[in-house]
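One structure below.
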Amino acid sequence: VHAYGGIVDRTMGDELLCFFGYGYGGELPTANHADQALGCAMKIQRDAVRRTLDATKTGEPIYPLRVGINTAAEYVADVGSSRKIDVTLIGHGVNHAKRLEAAADSFCIMLGATTRDMLTNVEGLGVELKKRLIQVKQYSDLLEAYECDPFEKEPDIRREAVDLHRSFTRLDR
């Protein structure tokens, strides 16, 4: 995350909340934060698939990842108490990112429409962003999202990783 200009806010069990574009100490926010976030997510997914394929040789657990990316103005606030400082992101955009993550397939990325609109180098991604309409909690209408499969040009690799996970967890039916 740091290599792509992001900041890790917190880990929550098997989840990670991070954000991009924030300027420290008077620095201007980065204009290409959507590109940074998506580049980071693609690298994370590629590494996750590699680790999954390697895990079958060593018998280690397999953890498929899903990533949700949303762009929104958020608050950075202290939600702690008088005895503990707990600074985190607060706002609907964080919740929407979580819902995008839940809608993503294993080893894939789901972007909100605002993130898609802010990307500056879509052609340079090497993959297509596919428009999806998804149902999310607390919304009656379907919401526009964009699916990014980092393995679009190598579908067998992602399929093998998903199959290995299903076999490992005995989800094969």
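Keep in mind that the numbers below use all heavy atoms, side chains included, and drop hydrogens, waters and symmetry copies. This one's a predicted model, so the numbers in the text were calculated from it and none came from an experiment.
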Given Glu15 and Arg10, is the salt bridge (Lys or Arg N to Asp or Glu O under 4.0 Å) satisfied, shown in steps?
CA-CA 8 Å; Glu15 295 182 14; Arg10 64 184 55 228; over 6 Å; no

Would Arg51 and Asp54 satisfy salt bridge (Lys or Arg N to Asp or Glu O under 4.0 Å), going step by step from the backbone distance to the final call?
CA-CA 5 Å; Arg51 283 191 305 275; Asp54 291 346; over 6 Å; no

The test is salt bridge (Lys or Arg N to Asp or Glu O under 4.0 Å); show your working for Asp156 and Arg159 and say whether it passes.
CA-CA 5 Å; Asp156 293 340; Arg159 189 174 309 113; 2.6 Å; yes

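For Asn32 and Thr120, the side-chain atoms include no donor-acceptor pair closer than 3.5 Å. Side-chain atoms of Thr114 and Thr71 form no donor-acceptor pair, as typed in the model, at a separation below 3.5 Å.
Residue Leu129 holds its CG atom at 6.5 Å from CG of Leu119, rounded to the nearest 0.5 Å. A distance of 14.5 Å separates NE2 of His33 from SG of Cys40, quoted to the nearest 0.5 Å. Atoms CD1 and CZ, on Ile7 and Phe19 in that order, are 4.0 Å from each other to the nearest 0.5 Å. To the nearest 0.5 angstrom, Cys108 atom SG is 3.5 Å from Arg158 atom CZ. The CD1 atom of Ile62 sits 7.5 Å away from the OG atom of Ser167 when rounded to the nearest 0.5 Å.
Leu38 has its side chain within reach of Ile109: a pair of non-hydrogen atoms, C-beta onward, lies under 4.5 Å apart. At a threshold of 4.5 Å between non-hydrogen side-chain atoms, the residues Ile134 and Leu142 do not count as touching. Counting only heavy atoms from C-beta outward, the side chains of Asp105 and Val162 never approach each other to under 4.5 Å. You'll find the side chain of Val94 stays beyond 4.5 Å of the side chain of Lys98, heavy atoms only. Within the 4.5 Å cutoff, no side-chain heavy atoms of Met110 are placed close to those of Glu101. Here the side chains of Asp149 and Glu128 are not in contact, with every heavy-atom distance at 4.5 Å or above. Leu16 places a side-chain heavy atom less than 4.5 Å from the side chain of Val8. For the pair His96/Leu143, a side-chain contact is recorded, criterion being any heavy-atom separation below 4.5 Å from C-beta on.
Across all non-hydrogen atoms, the minimal contact from Pro150 to Phe107 is CD-O, 3.6 Å. Scanning both residues, Tyr4 and Lys43, for their nearest heavy atoms gives OH-CB, 3.5 Å. For the residue pair Cys148 and Leu111, the shortest heavy atom distance occurs at CB-CD1, 4.0 Å. Counting all heavy atoms, side chain and backbone alike, Ala37 lies closest to Ile69 at O-CD1, 3.7 Å. Across all non-hydrogen atoms, the minimal contact from Gly21 to Gln36 is N-OE1, 4.4 Å. The shortest non-hydrogen separation linking Thr52 to Tyr63 is OG1-O, 4.5 Å.
The hydrophobic clustering, which links ILVMFWY residues whose side-chain heavy atoms are closer than 4.5 Å, places Val67 and Tyr146 together. Residues Leu65 and Val49 do not share a hydrophobic cluster, clusters being chains of Ile/Leu/Val/Met/Phe/Trp/Tyr side chains in contact below 4.5 Å. Hydrophobic clustering, with ILVMFWY side chains joined whenever heavy atoms are under 4.5 angstrom apart, groups Val122 together with Val127.
Glu147 places no side-chain N or O within donor-acceptor distance of the main-chain N or O of Arg132, the cut-off being under 3.5 Å.
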